[in-house]
Amino acid sequence: LAESNEIANLSRDTARRLEQGHPDAAAEGFIDYWSGSGTWRRIPQNRKLDLLKAIAKIRLDFAAISNDGGGLAEYKKLTLPVLLTAGDTGAQPGRRVAELLARALPNGSLQILEGGGHMAPVVDAERVNGIIDGHLRAHSAAQTD
């Protein structure tokens, strides 16, 4: 899959930059991949410091994802209602994962956020929170019936 290759390349590039002692370059590559070229340069310096503290953990996140051997079949065991969200703009591997999970989960659904990207929960929190709230309300009402 092209999406898998994209993520593998991002993982390798991020790890290489960290190993070479360039956390700024690692963070810039990672943030710009998910949020668009030039995003890192527009982030205020105080926010960049927080992101730089977290960038080393990204390597561990990539390792956890690549070592998950269960596959989609494991998700078929989850019967609770699951709402997945994905944006229709920007890097699309996250959307592809959401689509695959929505099909694999017995009670999974997918909400595509028009105009949203990977970082919609941060940059469009009000809209995303409204979608989550609707899902929780619908399923909490179903539990009390």
Side-chain angles (χ1 to χ4, degrees), residues 1-18 22-143:
L1 291 169
E3 292 91 353
S4 295
N5 289 336
E6 278 186 44
I7 296 302
N9 289 337
L10 178 62
S11 174
R12 277 191 299 275
D13 290 346
T14 302
R16 180 180 42 78
R17 290 172 178 149
L18 287 169
H22 302 291
D24 280 36
E28 181 175 11
F30 183 82
I31 297 295
D32 282 4
Y33 173 80
W34 290 111
S35 299
S37 182
T39 300
W40 178 254
R41 284 182 302 231
R42 294 188 299 274
I43 295 174
Q45 189 60 35
N46 63 332
R47 183 68 183 118
K48 281 183 181 177
L49 294 174
D50 292 337
L51 293 167
L52 285 169
K53 290 176 189 173
I55 194 66
K57 183 184 172 297
I58 299 297
R59 183 187 309 179
L60 299 174
D61 294 339
F62 281 130
I65 291 167
S66 64
N67 292 324
D68 179 17
L72 288 174
E74 291 296 312
Y75 292 94
K76 293 178 189 282
K77 298 175 187 175
L78 297 175
T79 59
L80 69 158
V82 176
L83 170 67
L84 299 131
T85 61
D88 65 353
T89 65
Q92 291 300 296
R95 179 177 176 169
R96 180 71 175 131
V97 168
E99 290 168 347
L100 292 169
L101 285 171
R103 285 199 298 267
L105 291 161
N107 291 307
S109 62
L110 175 61
Q111 171 89 37
I112 300 297
L113 303 169
E114 251 182 73
H118 183 74
M119 296 304 296
V122 175
V123 299
D124 198 357
E126 188 172 324
R127 183 166 60 140
V128 173
N129 288 340
I131 292 166
I132 294 168
D133 184 59
H135 176 76
L136 292 173
R137 287 178 189 273
H139 292 286
S140 125
Q143 294 295 321

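- Proximity of a side-chain donor or acceptor of Asn9 to a complementary backbone N or O of Asn5 within less than 3.5 Å is detected.
- For the residue pair Lys76 and Pro106, the shortest heavy atom distance occurs at O-CG, 3.1 Å.
- The two residues Gly115 and Arg127 make their nearest non-hydrogen contact at C-NH2, 4.2 Å.
- Remark: His22 NE2 to Asp24 CG distance equals 10.0 Å, nearest 0.5 Å.
- Taking the side chain as every heavy atom from C-beta outward, Pro23 and Leu18 approach each other to under 4.5 Å.
- Taking the side chain as every heavy atom from C-beta outward, Asn46 and Asp50 never approach each other to under 4.5 Å.
- Taking CZ of Arg95 as the reference point, atom OG1 of Thr89 lies at 9.5 Å (rounded to 0.5 Å).
- A distance of 11.5 Å separates OG1 in Thr14 from CD in Glu28, rounded to the nearest 0.5 Å.
- Heavy atoms from other residues, nucleotides or ligands lying under 6.0 Å from CZ of Phe62 number more than 12.
- Side-chain atoms of Leu105 and Asn107, non-hydrogen and from C-beta on, never get closer than 4.5 Å to each other.
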Run the side chain to side chain contact (heavy atoms under 4.5 Å, CB included) check on Val128 and Ile132 step by step: do they pass? CA-CA 6 Å; Val128 173; Ile132 294 168; 3.9 Å; yes
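- Residues Asp32 and Trp40 share a closest heavy-atom pair of OD1-N, 2.9 Å.
- Checked by atom type and distance alone, the side chain of Arg96 never pairs as donor or acceptor with a backbone atom of Gln92 at under 3.5 Å.
- With values rounded to the nearest 0.5 angstrom, Ser109 atom OG is found 4.5 Å from Leu83 atom CG.
- Checked for salt-bridge contact, Arg103 and Glu99 miss the test: no charged N lies under 4.0 Å from a carboxylate O.
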Step-by-step side chain to side chain contact (heavy atoms under 4.5 Å, CB included) determination, Trp34 to Leu10: CA-CA 10 Å; Trp34 290 111; Leu10 178 62; 3.6 Å; yes
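- The closest side-chain heavy-atom distance from Ile131 to Leu113 is below 4.5 Å.
- Of the residues listed (Leu100, Val82, Leu101), the one engaging Tyr75 in a side-chain contact (heavy atoms from CB on, under 4.5 Å) is Leu101, and it is the only one.
- Here Lys48 contributes atom NZ and Arg41 contributes atom CZ; the two are 9.0 Å apart, rounded to the nearest 0.5 Å.
- Taking the side chain as every heavy atom from C-beta outward, His118 and Tyr33 never approach each other to under 4.5 Å.
- Here the straight-line distance linking atom CZ of Arg47 with atom CG of Leu49 works out to 10.5 Å at 0.5 Å rounding.
- The minimum heavy-atom distance linking Ala98 with Leu84 is given by the pair O-CD1, 3.8 Å.
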